Each structure stands twice: as structure tokens, then as C-alpha cells.
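Working notes for the structure below.
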Amino acid sequence: MTETNRIKWVVTSAWPYVNAIPHLGNMVGSVLSADVFARYLRLKGNEVIFVSGSDSHGTPVAVAAKKQNVSAKDLAFKNHKIIKNLFKLWNISYDNYTITHNPTHIKFVQDFYLDIQKNGYIFEKEIESLFCEKDNLYLPDRFVEGICPHCGYENARGDQCDNCQKLLLPSELKNPRCAICDSTPEIRTTKHWYMDFPKLQARLEKLINENKIIPQNARQMLLNSIAEGLPERAITRDLEWGIPAKFKGAENKTIYVWFEAVLGYVSAVKEWAEKIINQPIKFDHFWKDKNTKTVYFIGKDNIIFHLIVFPGLLIAFNDDKSESEKLVLPYNVSSTEFLMYENEKFSKSRGVGIWIDEALELAPLDYWRFNLIYNRPEKSDTSFLWSEFNNNIKTLNDVIGNFIHRTLTFIIKQFEGKIPKKIELDNTDKEFISKISSIGDIVGNALENFELRKALRDTVKFAREGNVYLNDKAPWHLIKEKKEAAGHVFNICAQAVYALAVLFGPFIPDTSKKILDYLNIQKELNDLGWNSIGENSLLAGHTIIKPKPLFQKLDIKEIQEKYIKLKAKEKGKSDVEMISYDDFKKLDIRVALIENVEKVEKAENLLKLTIDLGTEKRTIVAGLAKYYNENELVGKKIIVLTNLEPKKLRGITSHGMLLAADDEKTVSILIPDKDIAPGSKVL
RNA sequence: ACGGGCGUAGUUUAAUCUGGUAAGAAUUAUGGUCUCAUAAGUCAUGGAUUGUGGUUCAAAUCCACACGCCCGUACCA
């Protein structure tokens, strides 16, 4: 444990893209894990700087801004502010949460690449690229579609054919078209600046081999891709929204986001030193000391980037620097697997998952922080399950909250709130006390090995042992015979409560603070320190405060319903897109009379309807079988969209669409208020 | 397609690197018990190694194949 004492740490989490609010998966993998780790290191008395920021450049932001008719910069800053505020609400203890579009970062990146160029790691190359004149855009590979030269599949993308799986170059496609506007792009020659990774290969291999801390599974994959040969990578782009490249002749080029955002790990500390604490020297203090440990909390999709690309850049930069000017190479990368939502991938477009703003509307913060770390996907992908969430809240409440509450209320009621004295220890006492004195090391070791999940589970186990101890000693019996004997037990339990306050500090800081408040301890947690856990943390005679329950059980069904409503509201919001009257006029909506209804075989929800439109009869297929039976529909007058493209459903061609309302619980067909002739137009 | 990883009670998981205890826990279920505490606590019982072959005295663990899921190659940040 002394090993980490007074060591300098730079703790970082992956940079969230400014275009989207992070979801729980993003949160647990990088931001929250890094926060727990940073809080622990501070508690152990280390020098810690914890940084990250919003990744603000790149095509998607530019495109979104254009759609909303604002500048990319305004949009980026607006979203950055929202994300930054959410992290604050999540109690993320960043020393600096910045944005890549800040002057310190921009200058740092520009100078950095000029340095690398000077050191001989950048070369220029002309390439042919497809350009869409209509969108005024060089098209990234996957934004080009066309016919696959191998299998003739019509919708092959410029990077790969989804049909035959073969890798493609955009120029190989027959009849290429722009995926955004469908027009035919032209081939243009453009020059780009490349990073010479092959030149770094040997040194990167050495770095990976010599670093014994990075996870075993990542190592294998990394060595593999190095052995395969690292590709040269273009670091510039023909894009306006980004950091202008300063290479000679690169006037209209920007640095590709991937190669610039990672440098934020460095520049964010620089910005912090210069602008937040006004001690510029602190930048060198952290980044240019070879004993500083830098740690990166990321998702598994980011491993290569953080252990090959990023250190590669640092090595190239350090090439001509003296020892005291070199930037320190990564100490470790803690990568998590993915969090799923009820066994599905999080997906914004399909509305699958929980986003960090929604979470806060559904349950108190510490319930989320606890739950996420408790199920942190360390070994394999794990799912967020409502049932698990419920279990974990119960654990929090029944095991931890209750142990603390029963201990403190007993002391209040029977001992006027004063911590009673210990008397003689028997074996049961000794056993529990030895647990109190070792729990700090057990949990601390797990954290230092980046096993956050184990650390939290060990803490819960400790609280459970507190309950067992209480049960074994049954002080509510002892008190009838000999008050001191009961007091003795509660002295020991109070030490355990104190231990829990400290142990929970990194995980659920609000709760930790509450416990300290009840214990009537005014000192800041960081001043108390991790090592203050022990059998005599609280002195006999110390007065505590009457506690309130720390947690309460939640009605998970109610929360789920709230979640569904939240999702429905969002969906409604995004669907409200204004259309012109001309657009509306294109729809031919009419009243129709249902003449016949049959159930469609092998389809649980489909009905085949024969309808009369006055001038003609038609067949349409509707997904109503769950809500209506055949008989109750015949003879009803309904509303039908008649000029929808015919579509084959289960072998039956549907010539139109029946209109119905759906609130996710019931589905109701629409019926004209008065008796009106079939074929009447709806306007 | 290629490279890497993963697969253990209904559910969430430990033990896998380094083969060796009745595969350990939590939750769920069932039954008992205590009353300080929040219908909480505590105790007991039941329940699992994806499949098929192989190596071995011995396989959850090592090897091969199959199946399923994830990631990377693949510039989407």
C-alpha cells in the first residue's frame, strides 16, 4: 500500500463525442470508473489530476449544425455545456473537463504535429478521393454506395460489400453514388499528410512487451496487430470543422479528430495548470516526470487507439527531446467490455437503453453509481437488467443501509448518542475486528488492480459480516443483563460504520458524506484518508447525530413505467418535424368500408382486409390481430392511406395502410364521426 | 472472411493464467429463527461448468472442432 503513496497520477477517461449525451454504457466504462479510481487515489494521499473533455470536431457535428442552421462551434459548445453539467450532477470529480475546441488544445496539437514532422514521422501523399459536388464534401469511404464489382450487389458501401463481405475501395464500385444525396461523385486528387507508424513498430512492440500491467487479453491482440504491420494513417482531412493543420501547403486541411482528441489528455492538464490553477509549472510536474503514472479508462473498442496510436504519437514527439522534456508513456489502460440494455445494444436511433440524463430522473444518483460499478463489465459484456437493478437496490438498502441504521439508532436510544466503551474481547469480537482492520487493504488492493467491481463487492460483503456479527452477539439481550456488554458490541459496530463511510467514498460519495455527517465528523473525507479505517477510528464518548435511513427501496415497476413514458415523450419530440402543405397534399387518405377480414396464417398480428373504396375494392394487410378480432371489424368504416407503395407482407400484397392510433398499450382504429360514403377524401 | 476475446445454477457471478477440496457466493424459491433495525437481519435446503472429441491418474481450467455472443481489421466518432 505504501507503493502508491505520494505518487503522481494522471487519470483520464475517454472523450465523449459532443454530438450525443452519454449513455450508461459510456458512463461505466470510462467516466465513472475513472472517477472511482481518482477518488480512491486522492483518499490514499496521492497527487492526482483527473481530466477529460468533449470531443468536438468532425463530420457529424458539422452536419448536425448545418441541419439546425447554427455554426458548428456554437452547437459544440452548447452540447458541451450540457454534458459537462450532467457529469457534475453525476458527481464526477474532474479537475478539468474541457473541450477539444479550446485555444490551449488547438495550439498544442498544431505545435505537436509540427514537432513530429520535424522528427521525420510525417510524409505527404496524393490520393484519389470521391468528391460530391452537390454536398461540397469529400466522401468518406462508407458514404459512397454502388454496385459491388465482385457479386453485383447493388448497395455495396465504399469500404465493404455487405453481401459478399469483400473489402472494397470506393473507386472499385460500379456506378458510385453519394450516400447523402444520391448524386454521382467525381474523382478528385487531394493531398494528405500521413503518420509513419511502420517506423514506430519496433518501439511500440517493446513498449507493449515491457508493460506488465496492461490486461493480458489486450496484449495478445496488440502484439498481433503490430506483427501484422501497422498501416500508415492519414492524419489530415478535407473538412472545415476541426483543428487547422499547420503543415506547409496544408492550408485547407484539418487534423483528423482521432489524431487530435487523444492529445487532449496532455493538453487538458496544460490548460488546467495554466488557466485553472495558474501554476504553469504543474504541467511539466505531471506530464514530464517519467515516474508519473498515466491511466486511461476506456471501452474495449478503443484499446488499439490508446495503446498503439497514442503512445506512437508520444514516442514520435519525444524523439528529439531531452529526458526532462519527454512526455510520459501510458502506465495502464483499463478497458471494459460493453454494457448492454436487457441483452440488446444501446442504440439512440432505436431508443434502446438509458441515457445519463434520463437515469437521474428515474432514481437517486448513488443507486446508479452503485449499480453500475457492482455490475461493471470487466470480463465479458454484461446487461443492464431491471431485475438486477432492483436486486442491487435491495442489497444497498437491506444489507448496508440497515446495518448502519440499526447500529446508529441503538447508540442514540440506549447510550444518548455517545459511542460506548469497549470492554473485553472474545473470539467473535476478535474475528470481526480483524476484518475491520484488513478491509481497507482488501478493497484498496482490488482498486489498485483495477478490479472496481470486486472492490465494491468486497465492501458489501463486509457490511454483511457486520450484520452477522450483530446477530451473533445479540446485544438487545445483553443490554438487559449488563449495559456495558451491549455497549461494547456497538463500539465495534460503530467502527465498522466508519469504515463503510470511507470505503464508499470513491463509489457513492454522497452516501459516504451522509454517514460521516451522522457520525458527526466534520473533517473532509480526503483529510481523514483511506488509512484511517481501523478498530479505534471513533473514540468512546464521541457524540453522534440521530440518523435517517440512508436508502429506501424503490418500486421498480413504477420506475420502469416512468422510463417508458420518458421514452415515449422523447420519441414524440423527435417525430415532430414540420412538413409543408404540399407534402401533406401528396397523401391520398380516404374513408373505406371493411367488407371482409381474414387472419393471416403464421403471423400473430396480421389481418388481411378486403375494403371498399367506393370506386374500387382492395386488399390491405394490417397489424391488428392482437387488438381486434375478425368479426368486430367487418362493416366498420375506417381511414386508409391509399397511395402508399404496395408492400408484400407474408406473401400478401397490401395496397394501402389502415390508420390507427397507438399509445404503446392499446391500438385503436380511426372511425369517421358521421356516416359518410366510402371513398370520401380526408383533408 | 481474418485476428482477438467470451460461454459456469432461473439470474448476476468466483475458481481458468499456475489442471487436483463436496465448483464458492449473491439473488430467486422453499422452510426455520431472532426482534435492535427500514416487512429489514440471520440460519438451513434445493439448483450450474454451451456441445462433441482429445491429452491426463485427474479437466470448468490444456488442445481441436462445432455452435452462440462481442470487439478489432473497417477511419464512425
Side-chain angles (χ1 to χ4, degrees), chain A residues 14-20 54-61 100 140-143 157-161 164-168 215-225 227-231 233-235 237 256-259 261 299-305 308-309 335 337-338 340 343 345 371 374-375 377-385 387-392 394-395 397-414 453-454 457 460-461 463-464 466-479 486 489-490 493 547-553:
Chain A
W15 292 57
Y17 197 51
V18 80
N19 222 16
S54 304
D55 179 6
S56 60
H57 300 127
T59 319
V61 172
T100 54
D141 292 357
R142 62 162 51 189
F143 280 176
R157 286 194 324 240
D159 51 351
Q160 178 180 33
C161 171
C164 67
Q165 302 292 333
K166 286 210 172 76
L167 300 187
L168 303 172
Q216 195 57 42
N217 55 353
R219 164 173 287 119
Q220 198 52 44
M221 184 181 73
L222 290 163
L223 290 176
N224 232 305
S225 33
E228 272 172 26
L230 297 175
R233 301 252 216 165
I235 56 172
R237 284 293 184 276
Y256 182 41
V257 280
W258 270 114
F259 289 88
K300 64 174 161 181
D301 53 333
N302 251 329
I303 295 173
I304 295 218
F305 221 83
I308 291 184
V309 173
S335 66
E337 305 288 316
F338 284 170
M340 318 277 266
N343 297 315
K345 287 183 84 163
N371 181 73
Y374 202 76
N375 278 335
E378 290 180 3
K379 202 175 94 176
S380 56
D381 293 351
T382 61
S383 258
F384 172 88
L385 301 172
S387 57
E388 275 298 302
F389 186 56
N390 193 25
N391 282 344
N392 296 340
K394 271 164 72 181
T395 300
N397 183 62
D398 299 350
V399 176
I400 297 151
N402 189 35
F403 172 70
I404 293 169
H405 196 249
R406 67 201 292 210
T407 297
L408 299 185
T409 46
F410 202 102
I411 294 174
I412 291 283
K413 281 187 188 163
Q414 301 294 340
R453 172 188 176 119
K454 180 174 182 296
R457 283 172 185 247
V460 171
K461 196 173 159 207
R464 206 167 252 133
N467 278 323
V468 173
Y469 172 73
L470 256 186
N471 222 68
D472 285 352
K473 299 293 279 191
W476 42 92
H477 290 311
L478 296 175
I479 199 159
V489 172
F490 279 102
C493 284
K548 287 194 195 105
L550 286 168
F551 309 103
Q552 57 184 23
K553 281 199 214 182

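Remember, predicted model here, so these are calculated numbers, not experimental data. Throughout, a chain's letter reflects where its sequence line sits, starting with A, and its residues are numbered from 1.
- Atom-to-atom, CG of A:Asn343 to C1' of B:C70 comes out at 12 Å; the value is rounded to the nearest Å.
- To the nearest angstrom, C1' of B:C36 lies 11 Å from CD1 of A:Ile411.
- Residues satisfying the side chain to side chain donor-acceptor pair (under 3.5 Å) criterion with A:Asn392, sequence neighbours excluded, are A:Asn371.
- Qualifying ring pair (Phe, Tyr, Trp, His ring centres under 6.0 Å) partners for A:Tyr17, counting only residues two or more places apart in sequence or in other chains: none.
- To the nearest whole angstrom, the two P atoms, one in B:G24 and one in B:U50, are 16 Å apart.
- Comparing B:G3 with B:U49, their C1' atoms are spaced 27 Å from each other, to the whole Å.
- Nucleotides B:A64 and B:A74 have their C1' atoms positioned 30 Å apart, rounded to a whole Å.
- Backbone-only contact: A:Thr382 has heavy atoms under 4.0 Å from sugar-phosphate atoms and none from a base.
- Within the structure, a side-chain polar atom (N or O) of A:Thr59 is placed less than 4.0 Å from OP1 or OP2 of B:A77.
- Atom CZ in A:Phe305 sits roughly 16 Å away from atom C1' in B:C71 (whole-Å rounding).
- With both ends at atom C1', the span from B:U13 to B:C6 equals 14 Å, rounded to whole Å.
- Listed by chain and residue number, A:Trp368, A:Phe384, A:Trp386 satisfy the ring pair (Phe, Tyr, Trp, His ring centres under 6.0 Å) test with A:Phe389 (two or more places apart in sequence, or in another chain).
- Across every non-hydrogen atom of A:Asp381 and A:Glu337, the tightest pair is OD1-CB, 3.2 Å.
- Comparing the same atom, C1', in B:A59 and in B:G19 gives a spacing of 6 Å after rounding to whole Å.
- With a 4.5 Å cut-off on side-chain heavy atoms, A:Ile411 and A:Cys493 do not count as touching.
- A distance of about 27 Å separates the P atoms of B:G10 and B:C71, rounded to the whole Å.
- For A:Lys379 against B:U16, a side-chain N or O and a base N or O form a donor-acceptor pair under 3.5 Å.
- Taking A:Phe338 as the reference, nothing meets the ring pair (Phe, Tyr, Trp, His ring centres under 6.0 Å) condition, with sequence neighbours excluded.
- Atom CH2 of A:Trp15 is separated from atom C1' of B:A77 by 14 Å (rounded to the nearest Å).
- Between the NZ atom of A:Lys454 and the P atom of B:A25 there is a distance of 16 Å, given to the nearest Å.
- Comparing atom distances between the A:Asp301 side chain and each of B:U27, B:C70, B:G72 picks out B:G72 as nearest.
- One finds the CH2 atom of A:Trp476 at 5.0 Å from the CZ atom of A:Arg406 (value rounded to the nearest 0.5 Å).
- Between A:Ser335 and A:Asn302 the shortest side-chain heavy-atom distance does not fall below 4.5 Å.
- Across the C1' atoms, B:A58 and B:A22 are found 16 Å apart, a figure rounded to whole Å.
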Legend entry - Under 4.0 Å protein heavy-atom contacts per nucleotide of nucleotides 37-42 of chain B, with B for base, S for backbone only and - for none: BB-SBS

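- Mapping A:Phe490 and A:Val257 onto RNA chain B via the closest heavy atom, the residue that lands nearer the 5' end is A:Phe490.
- In this structure, A:Phe389 atom CZ and B:U27 atom P are separated by 18 Å, rounded to whole Å.
- For A:Thr382, the side chain to side chain donor-acceptor pair (under 3.5 Å) criterion is met by no residue, not counting sequence neighbours.
- Side-chain atoms of A:Leu385 lie closest to B:U12 of the nucleotides B:U12, B:C76, B:G72.
- Remark on RNA chain B: of its neighbouring residues A:His57 and A:Asn375, the 5'-side contact belongs to A:Asn375, judged by nearest-heavy-atom nucleotide.
- Atom CH2 of A:Trp258 is separated from atom P of B:U73 by 9 Å (rounded to the nearest Å).
- When the C1' atom is used for both B:A60 and B:A15, the distance is 9 Å, rounded to whole Å.
- Rounded to an integer number of Å, the gap from CD1 of A:Ile303 to P of B:G4 is 14 Å.
- Partners of A:Tyr469 under the side chain to side chain donor-acceptor pair (under 3.5 Å) rule, at least two apart in sequence or in another chain, are A:Asp429.
- With distances taken from any side-chain atom of A:Tyr17 to the nucleotides B:U11, B:A77, B:C70, the minimum falls on B:A77.
- As judged by a 4.0 angstrom heavy-atom cut-off over every strand, A:Ser380 is placed among residues touching the sugar-phosphate backbone only.
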Inset, instruction - Under 3.5 Å for both distances, Watson-Crick or G-U wobble, that's the pair rule; now give the dot-bracket for RNA chain B, with | marking pairs to another strand and [ ] for crossing ones. - result: (((((((..((((......[...)))).(((((.......)))))....(((((..]....))))))))))))....

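- For A:Lys553, the salt bridge (charged side-chain N to carboxylate O under 4.0 Å, His left out) test picks out A:Asp398, with sequence neighbours left out.
- Here A:Lys394 lies in heavy-atom contact (under 4.0 Å) with sugar-phosphate atoms only.
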